[in-house]
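So the structure is just underneath, and the comments pick up after that.
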Protein chains: 2
Amino acid sequence: MIFSAKLDYAIKALIELARNFESRRLVNLNEICDNQNIPSQFLLQIMSRLKNGGIVESIRGVSGGYILTRYPSKISLKDVILAAEPSVLKNTKQAANKKSSSDIVIENICNQGNEKLIEFFENISLEELLSKTIEKNNITYSI
Amino acid sequence: MIFSAKLDYAIKALIELARNFESRRLVNLNEICDNQNIPSQFLLQIMSRLKNGGIVESIRGVSGGYILTRYPSKISLKDVILAAEPSVLKNTKQAANKKSSSDIVIENICNQGNEKLIEFFENISLEELLSKTIEKNNITYSI
DNA sequence: CTAATACCTTACCTTCCTTATCAGGTTAGA
DNA sequence: TCTAACCTGATAAGGAAGGTAAGGTATTAG
């Protein structure tokens, strides 16, 4: 299991927003892209999904930007995945219109696997991710 | 999470072999493909992986075929996945040669997610899958 | 020893998804 | 009214997944 670029970028962008949430500062797209090394036009599309998913709010115009809609502790990785790339956690397969018994068994396994992942991602918050990046930075710079 | 066709076919083929394991009967490719509706040339490649992974044994020549190398109860879904499509359970990403702190945090999350999946798949045996398909068949035919 | 059967291997093709990029549009502050 | 910044839809380019083809090797029947 590897996160797609889309999901990877979404998480990085949200870490940036989480970092600036305490001061309620709007962060604009280019700032995020510069800090996290993300192609801006691509992130734009991703931010649109995060907005539709109710995770970020966007303000247009000069001095506009993005901000989280709620505390980083209230945003789980599950929320992020469902907004940015719902297919990761869904079993959207409906191969034949006539499912065999093995089709059904396999489908059930997939669903159970998804449940495990959802459960796992549900318990990871943006706050936690942010605090871990800060730790990592400290370690890096304190050599 | 959806299993790829490769993995789907691998599991179906192994269910067929599990069904015939008690009688130690060799099952040939076309029989599997007919029963499970799988393109034969494609399954051939998959069987080759399963063979290299030590899950099946192949016998060439007239009246040849495939057979499991051990009891269906001793083959886990994790074994199957590692043989047929190892990438599913591995975090092979090594994007930049210079990883940022968020790269590392995300990588760790992926690894932990993989652990959860491995743990889950490790506890599902071919025997279990076979018994469930039989149950399903019974339900289907007993209407 | 020859023919038939069935597995083996590599290479190739085609289609679709992901990852972008582009262009034109809308909103809002100075 | 000009400019910064978000919005939206269309359009490439690349690679991976699913599937096909062709030639090869091993085993057994006769």
Side-chain angles (χ1 to χ4, degrees), chain A residues 1-13 16-17 20 25-34 36-53 55-69 81 84-88 90 92-93 95-96, chain B residues 1-13 16-17 25-34 36-53 55-69 81 83-88 90 92-93 95-96:
Chain A
M1 182 195 61
I2 304 169
F3 287 168
S4 66
K6 202 181 291 175
L7 195 46
D8 184 86
Y9 294 159
I11 295 171
K12 286 175 178 171
E16 284 296 307
L17 296 188
N20 288 281
R25 190 170 77 82
L26 290 179
V27 184
N28 75 42
L29 197 78
N30 286 325
E31 186 180 343
I32 300 174
C33 291
D34 289 348
Q36 295 285 349
N37 201 32
I38 303 174
S40 63
Q41 290 296 312
F42 192 25
L43 184 59
L44 197 49
Q45 296 172 13
I46 298 167
M47 294 312 287
S48 170
R49 287 165 176 263
L50 295 178
K51 185 188 170 189
N52 291 331
I55 293 177
V56 306
E57 188 182 343
S58 68
I59 310 295
R60 285 180 158 193
V62 178
S63 76
Y66 297 93
I67 189 169
L68 298 180
T69 56
I81 295 174
E85 188 134 33
S87 64
V88 175
K90 276 180 188 164
T92 50
K93 191 164 194 169
Chain B
M1 182 194 60
I2 304 169
F3 287 166
S4 65
K6 204 181 288 175
L7 196 46
D8 183 85
Y9 294 158
I11 295 170
K12 286 175 179 171
E16 284 295 306
L17 296 188
R25 189 170 79 82
L26 291 179
V27 185
N28 76 40
L29 197 78
N30 287 325
E31 186 180 342
I32 300 175
C33 291
D34 290 347
Q36 296 283 349
N37 200 31
I38 303 174
S40 63
Q41 288 297 311
F42 193 26
L43 183 59
L44 197 50
Q45 296 173 12
I46 297 166
M47 294 312 287
S48 170
R49 286 166 177 263
L50 296 177
K51 185 188 170 188
N52 291 332
I55 293 178
V56 306
E57 190 182 342
S58 68
I59 311 294
R60 284 179 158 194
V62 178
S63 74
Y66 298 94
I67 190 169
L68 299 180
T69 55
I81 296 173
E85 189 132 32
S87 63
V88 175
K90 276 179 189 163
T92 50
K93 192 163 194 171

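Just so we're on the same page: letters track the sequence lines, and every chain starts at 1. Both backbone and side-chain heavy atoms feed into the values below; hydrogens, waters and symmetry mates do not.
A straight line from CD of A:Gln45 to C1' of D:dT11 spans 11 Å, rounded to a whole angstrom. Look at CD on A:Gln41: it is 17 Å from P on D:dA13, rounded to the nearest Å. Atom CG in B:Leu26 sits roughly 13 Å away from atom P in D:dT27 (whole-Å rounding). Distance CG (B:Leu44) to P (D:dG23): 16 Å, rounded to an integer number of Å. Atom P of nucleotide D:dG19 and atom CD1 of B:Ile46 are separated by 9 Å, given to the nearest angstrom.
Atom OG in B:Ser40 sits 12.5 Å away from atom CE in B:Met47 (nearest 0.5 Å). Rounded to the nearest 0.5 angstrom, A:Leu50 CG and A:Leu68 CG are separated by 9.5 Å. Atom CD of B:Glu16 sits about 14.0 Å away from atom OH of B:Tyr66, to the nearest 0.5 Å.
As judged by a 4.0 angstrom heavy-atom cut-off over every strand, B:Leu29 is placed among residues touching the sugar-phosphate backbone only. Within 4.0 Å of A:Ile59, counting heavy atoms only, lie sugar-phosphate atoms of the nucleic acid but no base atom.
Taking a pair as Watson-Crick or G-U wobble with both distances under 3.5 Å, the runs of three or more consecutive pairs in DNA chain D are C:1-30 with D:1-30.
The neighbour count for A:Asn28 CG, taken as heavy atoms of other residues, nucleotides or ligands under 6.0 Å away, is above 12.
In plain terms, the two heavy atoms of A:Ser63 and A:Leu26 that are nearest each other are O-CD1, 3.6 Å. Between A:Arg49 and A:Ala84, the shortest heavy-atom contact is NH1-O, 3.1 Å. Scanning both residues, B:Ile46 and B:Ala10, for their nearest heavy atoms gives CG2-CB, 3.7 Å. Nearest heavy-atom pair across A:Cys33 and A:Leu43 is SG-CD2, 3.7 Å.
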Carefully, step by step, assess B:Arg25 and B:Glu31 under the rule side chain to side chain contact (heavy atoms under 4.5 Å, CB included).
CA-CA 12 Å; B:Arg25 189 170 79 82; B:Glu31 186 180 342; 2.6 Å; yes

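Between the side chain of B:Thr69 and the main chain of B:Ile55, a donor-acceptor pair closer than 3.5 Å is present. Formation of a donor-acceptor pair under 3.5 Å by the A:Asp8 side chain with backbone atoms of A:Ser4 is not found in this model.
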Polar pairs (N or O, both sides) under 3.5 Å between protein and nucleotides 16-18 of chain D?
| residue | atom | partner | partner atom | Å |
| --- | --- | --- | --- | --- |
| D:dG18 | OP1 | B:Ala5 | N | 2.8 |

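Along DNA chain D, the nucleotide closest to A:Val62 and the one closest to A:Met47 are compared, and the more 5′ of them pairs with A:Val62. Residue-to-nucleotide proximity on DNA chain C shows that, of B:Gly61 and A:Gly61, the 5′-proximal contact is made by B:Gly61.
Taking 4.0 angstrom as the limit, A:Ser58 places none of its side-chain polar atoms (N or O) nearer than this to OP1 or OP2 of D:dA5.
Along DNA chain C, the stretch of nucleotides lying under 4.0 Å from any heavy atom of chain B spans, 5' to 3', C:dA4 to C:dA11.
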